[in-house]
Number of protein chains: 2
Amino acid sequence: MTQPGSGAAKAARHTREDVVVAALGILDQYGLADLTMRRLAAILDVQPSALYWHFANKQTLLASIADRIVERVRFVPQTDDELTAASVTGGQWQGATRAEAYALRDALLAFRDGAEVVSSALALGLGAALPITRLTASIRPGGFDRRTSGIAAAAIVHFVLGHVSHEQQRLQADSLGVVAEAASANPTSAHPTTAGSVPQAVESFEFGISLLIAGLDVQHRQASEPTTKPV
Amino acid sequence: MTQPGSGAAKAARHTREDVVVAALGILDQYGLADLTMRRLAAILDVQPSALYWHFANKQTLLASIADRIVERVRFVPQTDDELTAASVTGGQWQGATRAEAYALRDALLAFRDGAEVVSSALALGLGAALPITRLTASIRPGGFDRRTSGIAAAAIVHFVLGHVSHEQQRLQADSLGVVAEAASANPTSAHPTTAGSVPQAVESFEFGISLLIAGLDVQHRQASEPTTKPV
DNA sequence: ACCTGAACACCGTTCAAGT
DNA sequence: ACCTGAACACCGTTCAAGT
């Protein structure tokens with residue numbers, strides 16, 4: 001019984017883990033703008049300064065959050081074909097890559113402002129690198145060298161982050177009524193409170209991913225064919 | 001002589017234009033994080049509250065800045081071939097589209113944190129739509145309908161913003177020494193003070209743009225060919 | 001038309017000190 | 001190992017009032 005206070009309400013010692021979980025809660029409920037160190041401290045029933053024992057600064061905390069958001073890409077829905085073909089080298093990399101891209105989109109959409117958080121953590125090199133690793137791995141079997149696979153993966157990640165970021169900021173803008181002149185002429189649900197998605201967003205996402213994979217496919221075939229100079 | 005004070009130093013009435021120019025100056029010299037209303041006011045030798053006569057809020061100011069940054073895409077370097085072929089419908093849209101993408105990249109790189117500023121203005125629907133308009137126009141001659149051209153343009157813009165944003169945040173991170181473990185192992189120039197660019201950044205940019213245009217090209221040819229079902 | 005002065009309700013971060 | 005208390009140096013925005 002030497003652990004916490006004896007039944008009282010205060011003084012609940014926290015772990016780094018607790019802080020991240022609480023922060024994710026604020027993020028998802030109120031958005032990145034309201035995720036302040038002071039607010040987070042208040043929820044944990046602690047002084048703001050206490051957070052600096054767990055994290056060097058806010059940026060580091062956000063990086064941990066980004067890592068968490070992105071963890072979900074591990075649960076890519078895989079078809080049986082893909083599972084069996086995965087061991088055999090050269091399964092259909094296009095499908096696997098598309099699946100990774102969608103998994104990333106889903107992971108980002110699962111939390112409010114997820115794309116922005118991941119985007120900045122990644123740019124600062126503080127984390128959230130998992131999607132690039134996985135995409136690189138899904139592209140390689142297409143017969144591309146490591147360097148090419150890596151920058152192709154980065155291109156896809158850039159597109160996904162840009163697309164979802166756009167989508168999420170619009171979701172928030174809509175729900176706040178900040179909307180400007182055009183661009184909001186669909187009389188659907190009033191308040192997108194849950195992490196839903198803009199109507200035709202999926203279609204334009206699909207289109208973009210298709211372009212990138214088709215582009216890679218062309219490269220692939222050009223490299224495979226004996227000697228056919230590209231135009 | 002009823003205009004400003006008679007030779008004194010203070011009381012220099014400002015226009016909305018002045019505010020934007022001063023803000024762009026701060027942005028380029030010190031970055032987005034240091035572009036505060038108070039700092040901007042100080043530079044203009046005015047109280048912070050004065051700024052709210054010119055702009056409803058900071059977001060609106062940033063949108064104006066984004067518009068300015070993006071204006072530069074009007075000066076796309078055009079080859080003579082393109083100029084002449086432009087009037088004739090169906091010139092080489094691939095070259096024109098690539099040129100637009102590069103023009104956008106250049107415009108964003110011309111100001112510190114340019115990509116982030118434009119990115120958020122665009123997502124909020126508050127401005128910076130020019131690049132999408134222009135890209136849509138450059139893609140259309142490829143024989144795509146308006147809708148397809150539009151979302152293809154958006155895909156390219158997403159990639160460019162993501163790529164340059166990444167590049168710029170890394171530039172800033174490097175110059176501040178925030179850098180994490182890996183990802184920074186090139187012993188080149190010490191401090192990238194000017195709006196330069198990361199070494200191999202151009203190559204991976206080129207690669208991404210190539211993928212997207214090649215992907216579009218495939219779509220194009222598929223639609224043109226009599227009846228060849230896509231795989 | 002453009003600005004001042006003063007206030008409101010906040011921020012992230014540091015640091016000595018406590019248990 | 002984890003937190004308090006107090007302080008430092010800031011934020012964006014509003015609003016009555018001035019010229």
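Below, chain A is the first sequence line, B the second, and so on; all start at residue 1. Bear in mind the structure is a predicted one, so any value in this text is a computation, not a measurement.
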On a whole-Å scale, what distance lies between the P atoms belonging to dA9(C) and dA9(D)?
-> 24 Å
Starting at atom CZ of R16(A), determine the distance to atom C1' of dC3(D), rounded to an integer number of angstrom.
-> 17 Å
Nearest whole angstrom, please: distance from the P of dC3(C) to the CH2 of W53(B).
-> 8 Å
Rounded off to whole Å, could you give me the CZ-to-P distance for the F55(A) and dC2(D) pair?
-> 12 Å
Grab the CG-C1' distance between D34(B) and dC11(D) for me, whole Å please.
-> 12 Å
Distance between C1' atoms of dC8(D) and dC11(C) (Å, rounded) | 12 Å
Side chain of Q168(B), backbone of A115(B): donor and acceptor closer than 3.5 Å?
-> yes
What heavy-atom pair brings A128(A) and L122(A) nearest, and what distance separates the two atoms?
-> O-CD1, 3.4 Å
Do H166(A) and H158(B) have ring centres separated by under 6.0 Å?
-> yes
From CG of L32(B) across to C1' of dC11(D) the rounded distance in Å is 14 Å
Note, DNA chain C 5' to 3' with Watson-Crick or G-U pairs under 3.5 Å encoded as ( ), [ ], | and . gives ||.|||||...|||||.||
Closest heavy-atom pair, A101(B) versus L135(B), reported as atoms and distance to 0.1 Å, is N-CD2, 4.3 Å
Donor-acceptor under 3.5 Å (D113(A) side chain, G31(A) main chain) | no
Under 3.5 Å donor-acceptor, D18(B) side chain and T15(B) backbone = yes
May I ask you to establish whether R112(B) and Y30(B) are in a cation-pi arrangement, using a distance under 6.0 Å from NZ or CZ to the six-membered ring centre and at most 45° from the ring axis?
-> no
Pairwise C1' distance, dA16(C) and dC3(D) [rounded to whole Å] | 13 Å
Nearest-Å distance, CD (Q47(B)) to P (dG12(D))?
-> 14 Å
Non-hydrogen atoms of S204(B) and I151(A) that approach each other most closely = CB-CG2, 3.8 Å
I'd like a list of close polar pairs between nucleotides 13-19 of chain D and the protein, N/O only, cut-off under 3.5 Å.
from    : atom 1 : to     : atom 2 : distance (Å)
dT13(D) : OP2    : Y52(B) : OH     : 2.7
dT13(D) : OP2    : K58(B) : N      : 3.0
dT13(D) : O5'    : Y52(B) : OH     : 3.3

Side-chain N or O of H54(B) less than 4.0 angstrom from OP1 or OP2 on dA1(C)?
-> no
Main-chain N/O of P48(B) paired with R38(B) side-chain donor or acceptor, under 3.5 Å = no
